Structure formats: structure tokens, C-alpha cells
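If you read the sequence from its start, that first residue is 1, and numbering goes on from there. All figures in this text were calculated on a predicted structure; none of them were measured in a lab.
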Amino acid sequence: MTHEQSPAGPGPSSGQDRPGPGWRAVPPPGSHADRIPTAAVRTPVVAPGASSLATTGAALTVVSVVLVEFLAGLVGLIGTSTIVGPFRSHGGTSLVEAFVQSVFVTRFPFHLAAFLVLAFLAPVVPRAPLPVVLLRVLLAGAGGTLALALVGLVHGVAEAAGQGTVGQALGRLLVDSVTTPVQIGLPLALMLLGSSTVAWLWLGRPRRRRPGPPRVRGLVRGAADGRRFPAVPGVGRTRSLRPRAAPVSGACRAGGPGARWR
């Protein structure tokens, strides 16, 4: 015999059982080698767009701050009204007019600008991490302060024209366009941080599931009678696992019980 064969039969030659340069070992399923590392997705601070969820988050954030300001101003109004009449004029303005002016009119540009930034430019959504949400709220606070500065600039230019000297005009312009907007916008921005955190937690809360029978892990529900059967690995959860009757051949139906041995 010129060619020897192994008892198990012919097999690959010695030159074929060696992997070539393009071959590599395949790791077993479930090992760490078959897991492809994925790069961490960084959430941007500025995310332009419009959605109902972003509008809801912006409304919750801004309205919460307005509500806190209203309650705080109302408490101060009630306390001052015990000493001075709320509708009596003091220096040309009553307590109620001053309350409306300080709570709503003066801060309205800030609230409007912050709402627009949070709704269309930097949304408060649950899919964004909390640090990113806080940075977005700071951006909204800066936008609200800038809106106050623009309104104060227009008002300061109109007031500076009636001042007697240039120094007084520049001082009035500085107060209306810089110091007053920062004085109002800084505490409002800090309040936005707290209200946005509450809105982010509320929007990301788990939804309530519909009432139904309790689910048992490892069991699936049948399609017709509602019974539960053990789940089989690799089989879809929606597939019915009801036991089916074995098919009966024609010979068994014709010959009776003994015909199945033919």
C-alpha cells in the first residue's frame, strides 16, 4: 500500500488542516471576545427641534418658577396689606399694581425667552442625562437674562434721553441694560435648575401598565385557552406552545389500534 489511511476513514491532508493567513479562531457564543465595544454616545447640549415632549418639559420648568414667584409675592402682599391698604396709592403705585408689575410684567421677557430656548433649542427630555439637562437650563437662563437686557436697553435709551447730563444718561443705561437684568435673571436661572430637575424626573417616571394577570418569568401564554406553558429558548414569545395531537395515518384509522404495527 502506497497510501495509508486512518481507521476512521479518509480525512484532510496534513497541508489542509492548518489555517491560512485569513483564518482566525471563532470564540464560543457568549464569551467576552464576541462582544464588540461600542463608543459612548455623547448627548449634545444644543439639540434644535420641536416635539410635544420638549414643549411639555419647557412648560413644566417655566410655569413652576412662575408659580413659586406668584406664591411668594402673594404672601408678601398679604403681609404688607395688614399695615398698608393694598389699593391705596403710595408714590403713584398701589401694592396690587406693584405685585403684578414685579411678578408678571417685569419678568415676562425672561420667562418667554427661557421657554422658547427649552422648547426648541435645548429641551428638557428624559432621554438626556441630568447634567446635560442642567447645562441646557443654564443656557435657557442666559437667554432669559439676555432678553431682559435687550428690553432694558430699549427702556434705558428712552430714559437716558431725558437725563440732564451725559453721566446720568450712561448710569441710567447701565442700570437698565446690565445690572437690573442680571439681578433678576440670576435667581430665576437658579430656580429653573430646581424646576427642570423635577420636570425631568416627572417626565421620566415609569408608566403604569394595564391591569392583567400576573406574569411569571419563564412561562408563555397559550393562544386559545389562556394556559401557560414553559418557555422554550429560541422560540418567540408570541408563538403558542399548546400541545398538538399527533397526526394519524390512514392505515391506523382504517385498521384500528393494531394497524399501527404494520
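- Looking at T80, its side chain never comes within 3.5 Å of a backbone N or O of L77 through a donor-acceptor pair.
- The nearest pair of heavy atoms linking P181 to T145 is O-CG2, 3.7 Å.
- Here the CG atom belonging to L148 is positioned 10.5 Å from the CG atom belonging to L112, to the nearest 0.5 angstrom.
- Between the side chain of T180 and the main chain of D176, no donor-acceptor pair closer than 3.5 Å is present.
- Checked by atom type and distance alone, the side chain of T106 pairs as donor or acceptor with a backbone atom of Q101 at under 3.5 Å.
- Linking ILVMFWY residues whenever their side-chain heavy atoms come closer than 4.5 Å, directly or via other members, leaves V117 and L150 in distinct clusters.
- Between R107 and S102 the shortest side-chain heavy-atom distance falls below 4.5 Å.
- Rounding to the nearest 0.5 angstrom, the gap separating the OG1 atom in T165 from the CG atom in L170 is 8.5 Å.
- A distance of 5.0 Å separates CG of L188 from CD of E69, quoted to the nearest 0.5 Å.
- Between the side chain of W200 and the backbone N or O of A128, at least one donor-acceptor pair lies under 3.5 Å.
- Crowding of F108 atom CZ: a count of heavy atoms from other residues, nucleotides or ligands under 6.0 Å not exceeding 12.
- Each of T197, T61, T56 was scored for a side chain to side chain contact (heavy atoms under 4.5 Å, CB included) with V124, with one residue passing: T61.
- In terms of the side chain to side chain contact (heavy atoms under 4.5 Å, CB included) criterion, residue partners of P126 (sequence neighbours excluded) are, by chain and number, L53, L203.
- Side chain of R136 to backbone of P123: a donor-acceptor contact under 3.5 angstrom is found.
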